Amino acid sequence: MASPPDLKSGATLRNAFGGVLALFIIFLIGVLAFSIRLFSVIKYESVIHEFDPYFNYRVTQFLTKNGIYEFWNWFDDRTWYPLGRVIGGTVYPGLTLTAGTMWWILNSLNIPLSVKTVCVFTAPIFSAAAAWATYLLTKEVRGTGAGLTAAILLAIVPSYMSRSVAGSYDNEAVAIFALIFTFFLYIKTLNTGSLFYATLNALSYFYMVCSWGGYTFIINLIPMHVLLCIVMGRYSSRLYIAYAPLVVFGTLLAALVPVVGFNAVMTSEHFASFLVFIIIHVVAFVSFIRGILSPKMFKVAITLVLTVGIAVCVGAIAILVALVASSPTKGWSGRSLSLLDPTYASKYIPIIASVSEHQPPTWPSYFMDINVLAFLVPAGIIACFLPLSDASSFVVLYLVTSVYFSGVMVRLMLVLAPAACIMSGIALSEAFDVLTQSVKLQLTKLLETPPNAGDTKDGSSTVQSDVVEEDNKMIDNKTEFVKERPSKKSRKKDKEIVEKTRSKSRNQKRLMILPLEASSVAILLIVVLISLYVIHCVWAAAEAYSAPSIVLTSRSQDGLHVFDDFREAYSWLRHNTEVDDKVASWWDYGYQTTAMANRTVIVDNNTWNNTHIATVGTAMSSPEKPAWEIFNSLDVKYVLVVFGGLVGYPSDDINKFLWMVRIGGGVFPHIKEPDYLRDGQYRIDAQATPTMLNSLMYKLSYYRFVETDGKGFDRVRKTEIGKKHFKLSHFEEVFTTHHWMVRIYKLKPPKNRMKEKLKKPKMTSKPLSGTRRDESAKRNPWQ
Amino acid sequence: MAKSSSTDAVTLIRSLRSAYAATPTNLKIIDLYVVFAIATALIQVVYMGIVGSFPFNSFLSGLLSCVGTAVLAVCLRIQVNKENKEFKDLAPERAFADFVLCNLVLHLVIMNFLG
Amino acid sequence: MAKKFFCPLLLLLLLPESFSADNPTDRRLLILVDDLTIRSSHSLFFKSLESRGYSLEFRLADDPKISLQRYGHYLYDGLVIFSPSVQRFGGSLDQAAVLDFVDAGHDLILAADSSASDLIRGIASDSGVDFDEDAEAVVIDHVSYAVSETDGEHTLIAADDFIQSDVILGEKRIEAPVLFRGIGHSVNPSNTLALKVLSASPSAYSASPRAKLSSPSLTGSTIALVSVVQARNNARMLITGSLDLFTNRFLRSSVWKAGSSNKYEKSGNEQFVTEISKWVFHERGHLKAVNMTHHFVGEKTEPAVYRINDDLEYSIEIYEWSGTSWKPYVADDVQVQFYMMSPYVLKTLSTNLMGLYSTSFKVPDVYGVFQFKVEYQRLGYTSLSLSKQIPVRPYRHNEYERFIPAAFPYYGASFSTMAGFFIFTIVYLYNK
Amino acid sequence: MAALYTLHSLLTAFLQFRPTSAVTLEAKKLEQKTPIAAFPLRRVEAMAESLAPPVLVRIMLLLLLLIAASPSTLESSSPSPAVRILSAERRVDLTSSIVKVYLTMKVENLGASYVSDILLAFSPTEAEHLAIIKASLTEGKRKKKKYTPLDVNPTELAGIPNGAKLFSISLISPLKTGETTVIEVLYVLTHSLEPFPTEIRQSESQLVYYHDSAILLSPYHVVEQIMYIKTPTNRVESFTKVDPTNRAGTELKYGHFHEQPPFNYIPITVHFENNNPFAVVEELVREVEISHWGSVQVTEHYKLKHAGARHKGVFSRLDYQARPSIHGASSFKQLLAKLPPRVHSVYYNDEIGNISTSHLRTDYQQSELEIEPRYPLFGGWKATFVIGYSVPLEVFLFKSPDGQHYLNFSFGCPLHETLVDQLTIRVILPEGAKNPSAAIPFDSDHFLEKTYSYLDVVGRSTVVIKKKNVVPDHNVPFQVYYNFSPAFMLAEPLMLVTVIFLFFCACIAYLHMDLSLSSSKA
């Protein structure tokens with residue numbers, strides 16, 4: 001897609017050559033973006049990662065098997081038992097449809113790739129696309145050079161990589177591409193003011209809506225920008241063309257997606273756009289009048305028009321407010337609210353708070369995820385402000401808002417990453433412009449510069465190349481990117497300079513008076529900075545983000561040790577239990593259980609029904625008998641717990657247990673968090689509270705654990721467990737994996753005979769009251 | 001005061017008309033079209049007020065189709081307007097082609113959403 | 001020679017066909033006795049059993065070679081413990097083994113008397129029936145005792161307070177009172193599995209006849225003389241505190257209840273023990289439910305999923321075992337629930353008197369995974385509890401109604417805009 | 001009499017012919033090649049050379065049948081009093097989950113006429129569990145015995161008591177009057193060890209029944225016979241006593257019995273401990289894909305099951321890890337697959353990804369793949385997995401003298417000591433392979449189909465072979481013949497090249513067009 005603008009840009013042979021070069025670099029960037037994400041496949045295996053991707057994978061399988069209509073109407077009875085879940089109406093189909101289409105095309109070409117393979121490689125492919133989109137966007141903002149820089153930065157930015165390594169088959173993988181591309185088209189429309197791009201813009205917005213709840217970010221950001229432009233008096237009819245059709249089309253198309261449906265007009269995430277829609281019309285009208293009237297008449301006109309316009313606005317606002325008031329939760333879904341008010345989630349919605357990626361990020365995580373870009377961004381902002389165009393102002397706005405959001409939710413670092421890349425791309429290219437240009441002016445001869453500029457690059461790149469050698473073979477095709485990127489860019493620079501000097505304003509000149517040494521040193525420093533960034537990214541790709549959380553490895557003195565317990569347990573369930581058996585576990589494992597073990601689960605990672613989850617949480621934190629009664633009333637046959645105590649796997653159910661208590665207690669007040677804490681702290685050793693020691697979760701986790709080493713030392717909590725020897729009366733162990741990481745228990749049948757003291761073990765449906773009641777399926781857009 | 005404003009209004013209207021008279025016919029046609037679309041939209045809103053928004057999707061599509069048409073028409077008007085400095089390079093044929101394309105897309109979506 | 005070919009010669013441990021779903025009546029009974037004289041003293045009872053086709057095997061309770069099972073297969077279908085005083089069984093048998101035997105779905109008759117050992121009491125109390133703790137205590141009734149020359153302590157009781165259930169005691173009601181001599185027991189009323197079949201009169205009490213009359217632990221009609229337990233797996237137990245209940249003497253002897261005018265030639269014992277043994281060994285009151293089916297109204301095949309607001313038909317067949325064959329079971333109170341965490345539909349099934357119960361109803365306007373549940377517990381009958389899972393889906397995207405008249409203006413509007421668009425294009429182009 | 005016996009042979013031949021003639025069209029085309037299918041043909045033709053074309057022969061045979069019907073029925077009770085078995089010795093090997101029976105019998109022909117077929121009888125249950133039966137003629141004494149394999153195939157004969165099934169061993173040279181010969185028979189029975197008790201706990205060991213007859217079921221008079229039963233361990237719960245019977249250690253001896261009349265049968269049952277893995281592959285699909293670019297890609301889909309006594313109650317990993325030999329005696333966690341030599345790029349996974357527990361040992365003789373399912377298998381537990389590997393082409397693909405290629409590959413299941421209930425082999429020939437045909441050393445049904453793989457246009461013709469009840473003894477090579485011209489190898493690369501070329505052309509065209517357009521527009 002990049003070719004036409006590139007080649008159209010230049011008419012002269014030289015620019016054509018530059019265009020081809022740029023095209024080539026872009027292609028290489030794509031390859032880089034794709035290949036750097038294959039560490040996971042090479043180091044581990046071609047497998048779906050983590051939790052949500054398994055659901056997406058399962059949905060994709062269903063789609064490829066039964067076709068689009070079946071998928072649209074899919075009522076899944078294997079999850080959220082007994083409520084079931086309408087998959088077609090509650091899932092963002094973009095990702096699934098994309099992968100499904102790719103698979104279909106491949107198979108119609110008789111290339112028998114499995115659905116799994118396609119799913120695994122969807123994310124890398126789209127990250128390449130995202131890099132290209134970044135190029136286009138930045139190019140619209142600031143010339144080709146900036147575009148290329150931004151593209152390569154994004155191709156390897158860790159925070160995006162963390163979500164799009166091969167196998168992490170999640171919405172964000174495609175959504176980020178859609179996001180950037182939508183922004184690109186918006187800017188494009190803004191610059192050209194052609195309806196054609198406006199339509200494309202709407203369509204790509206539609207794709208974004210299909211693929212991620214984050215689309216609300218777009219539909220709020222763009223109006224903000226429009227408003228900004230109007231306020232800054234930069235209104236132009238191009239702005240109108242860019243915005244008005246987008247709103248209409250966008251709303252219509254968004255309403256077509258089952259998940260969004262009428263929310264596109266009902267919920268207040270979207271109202272901002274309508275408001276601005278009205279405002280822009282007023283403004284447009286005003287300017288139109290001004291256009292056809294003589295100034296003095298306009299003076300008169302303006303008063304009337306304004307009064308009318310204001311009246312309209314007021315009316316509109318009134319309507320909107322009314323609508324907001326009428327719509328549920330004031331029209332804002334939980335996660336969006338927790339965006340505006342960071343403390344909201346922790347206060348009201350423990351489920352959202354319980355997910356680690358909804359926590360506010362820490363500073364190290366910033367450094368981890370965007371590394372040196374964090375320092376380049378301010379420079380970029382400055383660069384954007386001289387001279388300020390609509391496009392650059394938009395980018396700045398984008399950056400600012402995304403910084404705020406990322407501050408609220410760690411997960412939204414993802415949205416920040418592109419902005420940061422664009423900014424620092426601009427900054428870097430500007431810097432190179434200035435420096436190389438000054439170098440060039442200093443040296444009278446034009447021919448000498450490229451070489452020594454070139455060899456400084458080469459030196460630096462070789463430096464990093466042998467740094468990089470330690471990592472595995474993936475990198476060496478990277479290093480040559482690193483080699484050629486700066487050199488090529490510098491070559492591009494000095495040809496851009498030609499039009500820059502023509503195009504750009506005078507102040508550029510003043511900047512250029514830098515001594516030769518200073519500038520060359522500066523160039524060197526920048527290159528070093530970039531190389532640091534590259535090394536960090538490669539490390540992140542290879543070590544930090546490539547592990548698929550279902551199979552764990554640990555390096556001990558006797559080589560690599562693999563912990564494949566999860567799949568062991570799931571495949572046991574798959575082959576040795578009845579097809580209709582229900583498996584209860586904490587919701588983290590719901591998606592994996594349905595996908596890998598193909599068994600019905602009670603709750604899963606799509607946490608749409610708080611009560612249901614609370615029921616399971618209650619069961620897990622109750623003593624055996626009530627727990628048995630709850631599970632029995634849900635027809636549960638097996639209970640699955642994850643236990644890391646033997647091998648020291650930290651994220652096991654005991655560590656998540658407090659959330660179960662909180663969520664359970666949130667709905668069923670007889671579960672009180674303090675009962676599980678010994679003077680405020682959470683412990684499972686001898687000091688633990690009896691409530692804790694009698695809770696089902698404790699018992700199922702530590703059943704017969706003491707017999708392994710005689711004293712029951714928990715390697716995660718680094719203590720001996722409190723209650724060591726106990727029997728299970730209502731559950732029996734049916735399977736425990738090799739490293740005890742997953743333990744599966746079976747509910748015993750009710751007692752055959754009643755002893756004197758027995759009460760009726762009929763389910764007292766108290767803890768369940770209202771599980772079915774609240775049908776407020778929270779279709780939270782940020783899932 | 002009121003008087004002066006009214007006279008202002010009168011003069012304003014007059015000058016408006018005169019100014020508008022200058023506009024080329026094709027723009028006039030467009031304006032007519034816009035007016036028609038907006039009128040339909042208003043009618044629907046009123047009807048909705050009376051009957052209630054039961055088939056909400058139909059209402060939306062009906063309304064938005066009108067609004068969309070209007071907006072697109074306005075865009076077209078902006079583009080083909082000779083006075084408009086911004087669109088010198090954009091040929092009116094091209095603009096109209098885009099306009100047609102947009103409308104096709106719009107009505108496609110509308111048809112899809114109506115049922 | 002060839003005739004020997006193919007009769008697979010079974011080792012001794014291979015069982016002949018036994019208690020099974022389609023033939024619930026027991027076959028082989030093991031009878032544990034203290035001494036083999038019981039064999040003759042209770043011969044009438046045993047004869048009646050044998051005449052009904054049971055194969056009896058008598059063992060001394062402490063016979064070291066007793067074993068109920070071999071390689072996980074039970075060798076008997078019913079166990080009769082007529083050995084009240086045994087301290088510990090012989091062989092592999094013990095209290096747990098007996099209870100496992102019951103939990104495996106087999107039946108038990110347990111008769112104790114004043115010399116009941118802890119073992120026997122233990123078995124009883126694990127089944128929810130508690131004999132009087134006091135070792136000497138026997139049931140004494142100074143009002144409704146059976147007049148006889150020997151017994152002055154009124155420990156021989158003529159009880160006629162039967163449970164009102166034709167299923168347990170047969171259609172023909174027992175006129176003559178039943179002679180009882182032994183210890184009483186109590187049943188926790190909250191225990192839904194245990195039933196008092198024969199309870200003492202209000203004037204009875206349980207105490208030791210010799211000891212000074214202290215406040216007796218059990219008094220009046222809370223004293224159960226004979227009670228039955230039907231476990232959740234429908235295994236049945238008969239527990240009584242009187243071994244004499246089954247003796248030929250009691251079966252044959254005449255009875256004259258004190259204070260009552262009429263004197264019966266023959267006590268009710270024979271009829272009582274016969275009928276109740278029929279019940280215990282599943283000759284009566286055993287139900288089975290088969291062919292649970294459901295389908296759309298007017299169709300026959302069972303769909304994999306229903307849509308909300310569908311109309312469906314549901315049917316089930318229930319039969320009762322008559323001791324020899326399956327007869328259709330007739331009742332008007334069989335109910336089916338359409339259940340998802342709480343019954344959304346509760347309908348009483350109508351029967352066609354041939355064992356087929358059926359009804360039809362509309363699926364509620366709620367989607368989810370439902371169950372057809374039949375929970376049927378009736379006094380004396382084995383309990384039926386069946387469920388079948390069926391998902392209920394919401395409307396498909398094309399199942400909502402279309403072309404609502406109310407929406408016609410909107411349709412009109414959008415079409416008119418389209419028309420308008422075409423006209424406009426033509427006019428515009430023409431005008432150029 | 002002699003007429004009758006030739007009739008028998010013809011009869012068997014004729015009956016043999018029927019199943020083969022009843023196969024589908026292309027299958028029939030295959031038949032002409034396969035030796036086994038051809039075997040009856042050959043015999044018929046052997047007669048036919050002297051008489052007439054085969055068709056005519058068949059008609060004649062029919063007539064013969066009708067004529068011969070009555071006498072044969074008369075004879076039925078004992079088909080040939082003329083033959084008797086001087087001594088029979090059976091060694092029943094129960095040490096694994098598969099029952100192997102070695103039968104050695106010394107046959108004597110008393111009758112006046114030649115005997116070319118020796119009949120074996122099996123009870124119906126045995127017959128349906130019979131996986132394979134081999135017979136061989138032995139000559140010479142202890143040291144220098146030499147075995148010559150003989151054809152064995154089922155026959156029908158009217159009036160056999162109690163539906164016993166007959167198999168006839170056809171001797172190479174007919175047995176003359178008074179002659180004796182020694183025949184050794186090996187037959188393998190599957191699913192004939194019945195676990196009892198049917199459900200055991202984790203710590204119990206597995207007991208099974210074996211039913212058989214104390215004396216050889218035979219259509220002939222047996223003068224003297226003996227049977228040895230070998231059990232895996234000393235633990236024998238019980239066994240039927242038919243004197244003389246005695247038991248020493250792991251061996252159980254029935255006999256000698258003397259002068260037993262035909263079709264005599266004394267059922268016996270042995271109840272003993274057998275903790276060997278009862279590993280049964282319920283379904284095995286082997287895909288052999290030939291690529292003339294130099295490798296044969298094999299993919300094997302397994303549905304594995306522990307067919308022993310069902311595991312009941314608790315499975316405690318603790319006990320299992322502490323003392324596997326006691327808690328989990330009857331379970332197995334490891335399987336050994338014998339793969340062909342020079343195998344490479346071996347993988348072992350299932351539907352949810354790679355299984356990390358496997359070791360490969362390769363040497364020039366053969367490669368051994370040691371695989372562990374994800375979890376140890378107890379009675380009744382199941383597991384599915386896929387083993388894939390590729391081997392160099394030259395090891396398995398040869399050129400037959402008539403210019404045809406043929407693949408020579410081993411038939412059975414590579415897993416050691418494992419029986420397969422349903423085996424399907426799909427040999428996927430390269431695209432463009434002509435008139436394929438299969439040669440399998442024993443009867444099995446096979447047909448052709450098409451499969452589409454990478455960028456196929458016409459699809460690859462695939463030979464599908466199905467067989468039930470496969471045991472390790474079936475691991476003998478089979479052949480698939482086909483014609484193939486190497487030109488086809490180039491088809492797909494060329495296709496790719498052209499596509500890419502066209503793509504570039506399109507690009508160039510587009511760019512030029514685009515420029516022209518923009519220039520016209522602006």
Side-chain angles (χ1 to χ4, degrees), chain A residues 68-90 252 256 258 261 578-582 600-602 609 611-612 615 630 632-635 748-763 765 767-773 775 777, chain C residues 99-100 102-105 108 122-130 185-194 229-235 237 304-308 339-344 364-371 373 375 385 387-399 414:
Chain A
I68 172 76
Y69 281 106
E70 280 310 306
F71 164 60
W72 187 4
N73 299 305
W74 185 15
F75 171 69
D76 184 3
D77 58 349
R78 293 190 88 60
T79 176
W80 288 100
Y81 180 85
L83 308 179
R85 174 184 173 192
V86 189
I87 300 283
T90 57
L252 262 175
L256 275 182
E578 298 299 318
V579 141
D580 277 335
D581 288 350
K582 284 75 184 172
T600 310
V601 296
I602 306 300
N609 183 334
T611 321
H612 218 52
T615 311
I630 295 175
N632 193 40
S633 73
L634 288 170
D635 303 333
K748 284 190 185 163
K751 273 247 171 293
N752 191 32
R753 291 163 282 108
M754 284 186 187
K755 292 234 185 72
E756 180 76 5
K757 296 292 158 285
L758 269 184
K759 301 178 300 301
K760 294 185 186 57
K762 281 281 141 282
M763 176 55 199
S765 70
L768 275 179
S769 54
T771 305
R772 195 71 186 77
R773 297 298 86 78
E775 279 305 290
Chain C
L99 293 171
D100 290 345
V102 172
D103 291 347
L108 173 70
I123 295 174
S125 68
D126 271 350
S127 322
V129 171
D130 295 315
H185 59 265
S186 64
V187 172
N188 182 339
S190 74
N191 185 336
T192 55
L193 299 178
V229 176
Q230 175 166 292
R232 288 206 172 79
N233 63 354
N234 295 328
M237 285 180 272
V305 59
Y306 285 107
R307 199 194 62 196
I308 56 178
Y339 181 93
M340 179 171 72
M341 295 202 294
S342 60
Y344 278 73
D365 193 355
V366 180
Y367 61 78
V369 182
F370 281 79
Q371 285 175 323
K373 272 196 181 207
E375 300 280 351
S385 157
S387 70
K388 191 181 232 175
Q389 175 176 322
I390 182 79
V392 172
R393 63 169 176 80
Y395 286 115
R396 295 171 62 93
H397 68 282
N398 53 9
E399 283 170 343
S414 38

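In this text the structure is predicted, and so the values were computed from the model without any measurement.
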Check your understanding: Does one side chain, of A:D77 or C:Q389, offer a donor that lies under 3.5 Å from an acceptor on the other?
Key -> no
Revision key, fill the gap. Nearest heavy-atom contact between A:N752 and C:V102 is ND2-O, 4.0 Å
Exercise for review: Could you tell me which of A:V86, A:D580, A:T600, A:D76 has the largest number of non-hydrogen atom pairs under 4.5 Å with chain C?
Suggested key: A:V86
Point to revise | C:V392 to A:F75 - nearest heavy-atom pair and separation | key: O-CE2, 3.3 Å
Exercise for review: Would you mind checking which part of A:N73 comes under 4.5 Å of any heavy atom in chain C, side chain (CB onward), backbone (N, CA, C, O), both or neither?
Suggested key: side chain
Practice item. Measure across A:P82 and C:M341 and return the closest heavy-atom pair with its distance rounded to 0.1 Å. Key: CG-CG, 3.5 Å
Review point. What part of A:D635 gets closer than 4.5 Å to chain C, counting heavy atoms only: side chain, backbone, both or neither?
Key: side chain
**Study point:** Partners passing side-chain hydrogen bond (donor to acceptor under 3.5 Å, both in side chains) against C:R396 (at least two apart in sequence or in another chain)
**Key:** A:E70
Check your understanding: Near A:Y69 OH, under 6.0 Å, is it more than 12 heavy atoms from other residues, nucleotides or ligands?
Key -> no
**Study point:** Per-residue contact mode, C:Q371 against chain A (heavy atom under 4.5 angstrom)
**Key:** side chain
Review point. How close do A:R753 and C:A231 get, heavy atom to heavy atom, and via which atoms?
Key: CG-CB, 4.2 Å
